[in-house]
**Student:** 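Input: one structure, supplied below.
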Amino acid sequence: MERNLTLGIAKRALEAIWQPFSWAAGAPVAALSLLRRSGRSIAEGSQSAERARFDTESWTLDLLRHLEWRRFEELCAAYFEALGFTTQSLIVHCKPWSPHRVGIKPVRELRAAMAAAGASEGALVSPGRFTQDAVSFAAKEDIRLIDGADLLAKLAALAPEQALALLKLATKGDFLTPTCPCCSIKMTERRSTAGGRKYWGCPNYPQCKEILFGTGPG
């Protein structure tokens, strides 16, 4: 899944990481009431086991690749806001991890968004890597391409308190389960009746039919 991010949400994300960590990406209480209590318990136990796989005390490429799409966007927004960028000077697009290299299409889309917004700079951030076509096009259009290794280095270059605050933002609560793009609540893992393929579906189905396939490298 590909999402576009502008730094309009960056200020909110940055404010959240400097406050006591009562903030967390999640769902309204009314929406969560659609889930059975037993279902929540099972999901919480499964999420805790998944979380235990990661070292949440330090930045790693594996952690970046497993962040769900919305948490990855919030991390990128907070990072650029911490550097002092504004919506007038920079547009950022985020592409969560994919086993395939990021090609030229999202770079072209970012360039079009920059032109429409009158922004002088753009950045495309992904935990993955970029194709040579994407790199060549970006170099001509004043677009920064930041892959996983670059992002790790940039996070490490921050002041220790800033890097720690961003790490806490990224790993607060359930940072693995994808958020429904429509309802802004955590999705549930399901399996298709034809072929048994795993996917993420919205708990509000059938009112919401959003689905996502995969959020990390396995």
**Student:** So, taking the atom named CG in Leu158 and the one named CG in Leu83, what distance separates them when rounded to the nearest 0.5 Å?
**Tutor:** 6.5 Å
**Student:** Quick check: does any side chain N or O of Thr179 sit under 3.5 Å from a backbone N or O of Ser184, one acting as donor and the other as acceptor?
**Tutor:** no
**Student:** Kindly compute the distance separating SG (Cys182) from CD (Gln207), expressed to the nearest 0.5 Å.
**Tutor:** 11.0 Å
**Student:** Which heavy atom of Leu155 sits nearest a heavy atom of Tyr79, and at what distance?
**Tutor:** CD2-CD1, 4.1 Å
**Student:** Are Leu166 and Leu152 joined in one hydrophobic group, where the rule is that I, L, V, M, F, W and Y side chains link up if heavy atoms are under 4.5 Å apart?
**Tutor:** yes
**Student:** Rounded to the nearest 0.5 Å, what separates atom SG in Cys202 from atom NZ in Lys209?
**Tutor:** 10.5 Å
**Student:** Which atom pair, heavy atoms only, marks the closest approach of Pro178 to Leu212?
**Tutor:** CB-CD1, 3.7 Å
**Student:** Under 4.5 Å between any side-chain heavy atoms of Phe72 and Val125, yes or no?
**Tutor:** yes
**Student:** Side chains of Cys208 and Cys180, heavy atoms from C-beta outward: is any pair under 4.5 Å?
**Tutor:** yes
**Student:** Can Lys154 and Ile146 be said to form a side chain to side chain contact (heavy atoms under 4.5 Å, CB included), step by step?
**Tutor:** CA-CA 9 Å; Lys154 291 179 184 301; Ile146 303 175; 3.8 Å; yes
**Student:** Is there a side-chain contact between Pro181 and Trp69 in this structure, where contact means two heavy atoms from C-beta onward sitting under 4.5 Å apart?
**Tutor:** yes
**Student:** For Gly148 and Leu64, which heavy atoms make the closest approach, and how far apart are they?
**Tutor:** O-CD1, 3.9 Å
**Student:** Nearest 0.5 Å, please: how far is CG in Leu61 from NE2 in His66?
**Tutor:** 10.5 Å
**Student:** Please round to the nearest 0.5 Å and tell me the distance separating atom CZ of Arg65 and atom OG of Ser126.
**Tutor:** 9.0 Å
**Student:** Is the shortest side-chain heavy-atom distance between Val102 and Thr131 below 4.5 Å?
**Tutor:** no
**Student:** List the atom of Phe80, the atom of Ala123, and the distance in Å for their closest heavy-atom pair.
**Tutor:** CZ-CB, 4.0 Å
**Student:** Between Arg71 and Lys172, is the side chain to side chain contact (heavy atoms under 4.5 Å, CB included) condition met? List the steps.
**Tutor:** CA-CA 9 Å; Arg71 192 64 63 89; Lys172 175 70 175 178; 4.1 Å; yes
**Student:** Is there a side-chain contact between Trp97 and Leu67 in this structure, where contact means two heavy atoms from C-beta onward sitting under 4.5 Å apart?
**Tutor:** no
**Student:** Start with the C-alpha distance between Glu189 and Trp200, add both sets of side-chain angles, then the distance that settles side chain to side chain contact (heavy atoms under 4.5 Å, CB included), and finish with yes or no.
**Tutor:** CA-CA 5 Å; Glu189 191 174 38; Trp200 296 98; 3.7 Å; yes
**Student:** Decide yes or no on side chain to side chain contact (heavy atoms under 4.5 Å, CB included) for Phe130 and Ile104, but give the supporting numbers first.
**Tutor:** CA-CA 8 Å; Phe130 298 94; Ile104 196 172; over 6 Å; no
**Student:** Check each of Leu75, Leu63, Leu169 against Phe175 using the side chain to side chain contact (heavy atoms under 4.5 Å, CB included) test, and report the only one that passes.
**Tutor:** Leu63
**Student:** If we only count heavy atoms from C-beta on, is the Asp147 to Pro127 side-chain gap below 4.5 Å?
**Tutor:** no
**Student:** Could you tell me if Arg197 sits above the aromatic ring of Phe213, with its cationic atom closer than 6.0 Å to the ring centre and no more than 45 degrees from the axis?
**Tutor:** yes
**Student:** Hey, what do you get for CG (Leu145) to NE2 (His93), rounding to the nearest 0.5 Å?
**Tutor:** 12.5 Å
**Student:** Would you check if the side chain of Lys95 reaches a backbone N or O of Pro106 as a donor-acceptor pair within less than 3.5 Å?
**Tutor:** no
**Student:** Side chain of Lys186, backbone of Thr177: donor and acceptor closer than 3.5 Å?
**Tutor:** yes
**Student:** So for atom CD, which belongs to Glu57, do other residues, nucleotides or ligands contribute more than 12 heavy atoms lying within a distance under 6.0 Å?
**Tutor:** no
**Student:** Do Arg70 and Glu73 sit within salt-bridge range, that is, some charged N less than 4.0 Å from a carboxylate O?
**Tutor:** no
**Student:** Return all side-chain donor-acceptor pairs below 3.5 angstrom for residues 133-143, not counting sequence neighbours, or 'none' if the list is empty.
**Tutor:**
from, atom 1, to, atom 2, distance (Å)
Ser136, OG, Gln132, O, 3.0
Ser136, OG, Gln132, NE2, 3.3
Glu141, OE1, Arg111, NE, 2.7

**Student:** Check whether any side-chain heavy atom of Arg190 sits under 4.5 Å from a side-chain heavy atom of Lys198, and report yes or no.
**Tutor:** no
